[in-house]
Amino acid sequence: MRGRRIAIGLALALLLGMGPVASAEDAPATGGEVTPAMRDAALKRMFTYLDENLWKLGEHGSTRKPYAAAVAGWAYLLCIEKVKDGKKLPSRKKQLDRIRGYLDSYAERVARGYEQADKRDAKKKKRDKPPKGPPGFERMMGMQTAQYVWPLGQVAHFHAESIARGKSKSASKKALKKVFVVLGAAQQENGGWGHDDAERDGMGLPPIQIPKPGGGSLTYPATLLAATSCALSGLGAASLQTKSKSVGPVLEAGKAYLLKSQNTNGTFPYDPSQKHTMPASGGGMGMAGGIEVARTSGAVLSLLLAGVEPSDAAIQKALRAIDASPDQLGDGHGSAAMALQYSAVLAAVRGGEAWATFRKTFFAKILAKQNEDGSCDCVCNESPGVTNDTKAIPGMPAGAGGGWVQGGRVYVTAIHALILALDRTPPKAIPSLKDPKAKVVTR
């Protein structure tokens, strides 16, 4: 029985893209000013590494490959044009074409899974009834499209940016139709998203029992704030570029979900059931403090893209929590690098002081964590509950750790490339904000 529990825990970690928590010796190095030349040199090395290693990743239930491919493509789009403070980087056309083809294939597989599930449910006349029981763990592990909400959110961002920059506009608009359908179908009744649509038998992660802090167990949450940020921000950016009216109700429901979930200190919890009234510094709650600060950028970006005004009290309160702890923006749970990604995108569209602070806080750390082959290691701080994306999972079978770490480096390198690329030019698919200190107004 104990062996089965260990196997289940490991399998969940593989699916969620989770690594071990950080340790004291992993505290990132700090450095001085990162010049545009240093930034671009680091980007070139990252691109060379990704060209060679991105396509070596398997899926096998993990979302790292499609997520990393979409984020790398997003970074490549930002680096197409020459900028004032840097040289024009080598053309990424071949890589972008390959990424586009792969992402289209991935979205098609997920969409086809929905069609098959709907036909099966209709045939059995059980469309509106929950499955009798969760799919077997062996079947779940064999599904390459499990946990598709996370990468499809990035696919939406990639296509939105492609349209905004006039690159393969027709192809991107066509591809987004599938993404709209799948993410719309995966949205749960409360307006949020989980890893996938676990309510449909065989679609992905089932409603399993997980350990509860302090003892006992609880049912794994059907919706997560981080997954919701991935889906909602991508849909919001894409809907702005396509003018799709069908996404409107989905955005409204997602917006309401986030607003109802916000903690009184302005941050956002792991899932709505953990909403609290604690101060931003934490104070004993397992997922409070820096992890919730790191999670907040994605929620703010999503709310803005879903139509919430920058002057809204919820946005202002969240930005105060972010600005009070900029060093914690890369301390996410589940994936520290993903939290850093969303923190960077939000800071870039805010511009001004927000981006200057983010750049000063993280750029030297990112360059310090770049390896000789161009890959990058996770820059998260040592903090309870923070997930290091480039360390082997404790208890992982011998020989598996190396491949897991290598996959983590591809994923983290793609995210770091996007972050450095944002310094060359902010995204065109996301409306820019002007940030005179704490007050935010549309530019």
Item to check | Audit row: S335, D389, side chain to side chain donor-acceptor pair (under 3.5 Å) steps and yes/no | outcome: CA-CA 6 Å; S335 173; D389 288 298; 3.2 Å; yes
Can you tell me if [X] uses its side chain to pair, donor with acceptor, with the backbone of [Y] under 3.5 Å?
X    : Y    : answer
T387 : G334 : yes
H333 : G385 : yes
S343 : L329 : yes
T228 : W193 : yes
S325 : I322 : no

Taking atom types as modelled and ignoring hydrogens, do the side chains of [X] and [Y] form a donor-acceptor contact shorter than 3.5 angstrom?
X    : Y    : result
Y411 : Q406 : no
N388 : T390 : yes
S383 : D331 : no
S375 : N53  : no
S172 : R100 : yes
Y148 : Y114 : yes
Y342 : S229 : no

Grab the two heavy atoms, one from [X] and one from [Y], that are nearest each other, plus how far apart they are.
X    : Y    : value
V386 : A336 : CG1-CB, 4.2 Å
H157 : G234 : NE2-N, 3.4 Å
L251 : S239 : CD1-OG, 3.5 Å
L433 : P310 : CD2-CG, 3.8 Å
K391 : V405 : C-CG2, 3.8 Å
L78  : P426 : CD2-O, 4.2 Å

Which residues pass the side-chain contact (heavy atoms from CB on, under 4.5 Å) test with [X], not counting sequence neighbours?
X    : value
P249 : none
A238 : A156, A160, L176, F180
N263 : N265, T267, P269, K275, H276, E292

Checklist entry - Which pairs pass salt bridge (charged side-chain N to carboxylate O under 4.0 Å, His left out) with one or both residues in residues 69-79, sequence neighbours excluded? => result none
Checklist entry - Under the salt bridge (charged side-chain N to carboxylate O under 4.0 Å, His left out) rule, what pairs show up with a residue in residues 220-243, not counting sequence neighbours? => result none
Among all residues two or more places apart in sequence or in another chain, which pass the ring-ring contact (aromatic ring centres under 6.0 Å, His included) test with [X]?
X    : result
Y102 : W55
F358 : W355, F362
Y49  : none

Between [atom1] on residue [X] and [atom2] on residue [Y], distance to nearest 0.5 Å:
X    : Y    : atom1 : atom2 : answer
W150 : L224 : CH2   : CG    : 5.5 Å
Q328 : R295 : CD    : CZ    : 12.5 Å
Y67  : L152 : OH    : CG    : 12.0 Å
L77  : F158 : CG    : CZ    : 5.0 Å
L54  : T413 : CG    : OG1   : 10.0 Å
L367 : H416 : CG    : NE2   : 10.5 Å

Is any side-chain heavy atom of [X] closer than 4.5 Å to a side-chain heavy atom of [Y]?
X    : Y    : result
V300 : K317 : no
P66  : V155 : no
T296 : L346 : no
P431 : L304 : no
L232 : L305 : no
L43  : C79  : yes
C230 : Q154 : yes

Next on the checklist: Assess the residue pair K365 and D377 against the criterion (salt bridge (charged side-chain N to carboxylate O under 4.0 Å, His left out)); give the C-alpha distance rounded to whole Å, side-chain angles, the decisive distance to 0.1 Å, and a yes or no.
Outcome noted: CA-CA 10 Å; K365 293 180 180 180; D377 289 328; over 6 Å; no
Next on the checklist: side chain to side chain contact (heavy atoms under 4.5 Å, CB included) for K369 and C378? Distances and angles first, verdict last.
Outcome noted: CA-CA 7 Å; K369 285 291 185 176; C378 189; over 6 Å; no
Checklist entry - So, for Y220 and H195, is the gap between ring centers shorter than 6.0 Å? => result yes
Next on the checklist: Before we go on, tell me: are the rings of F47 and Y76 under 6.0 Å apart, centre to centre?
Outcome noted: yes
Can you give the donor-acceptor pairs under 3.5 Å from side chains of residues 181-189 to other protein atoms, not counting sequence neighbours?
residue: Q187; atom: NE2; partner: G191; partner atom: O; Å: 3.0
residue: Q187; atom: NE2; partner: V250; partner atom: O; Å: 3.1
residue: Q188; atom: NE2; partner: A186; partner atom: O; Å: 2.9

Which residues pass the salt bridge (Lys or Arg N to Asp or Glu O under 4.0 Å) test with [X], sequence neighbours left out?
X    : value
K65  : none
E252 : K255
D423 : R39, R359

Next on the checklist: Applying side chain to side chain donor-acceptor pair (under 3.5 Å) to T223 and N190, what does each step give before you reach the verdict?
Outcome noted: CA-CA 8 Å; T223 59; N190 64 359; 3.1 Å; yes
Checklist entry - Going through the distances and angles, do H159 and T242 end up as a side chain to side chain contact (heavy atoms under 4.5 Å, CB included)? => result CA-CA 10 Å; H159 285 303; T242 61; over 6 Å; no
Item to check | Verdict with reasoning, S261 to L225, per side chain to side chain contact (heavy atoms under 4.5 Å, CB included) | outcome: CA-CA 8 Å; S261 303; L225 269 294; 4.0 Å; yes
Next on the checklist: Any salt bridge linking E108 with K178? Criterion: basic side-chain nitrogen under 4.0 Å from a carboxylate oxygen.
Outcome noted: yes
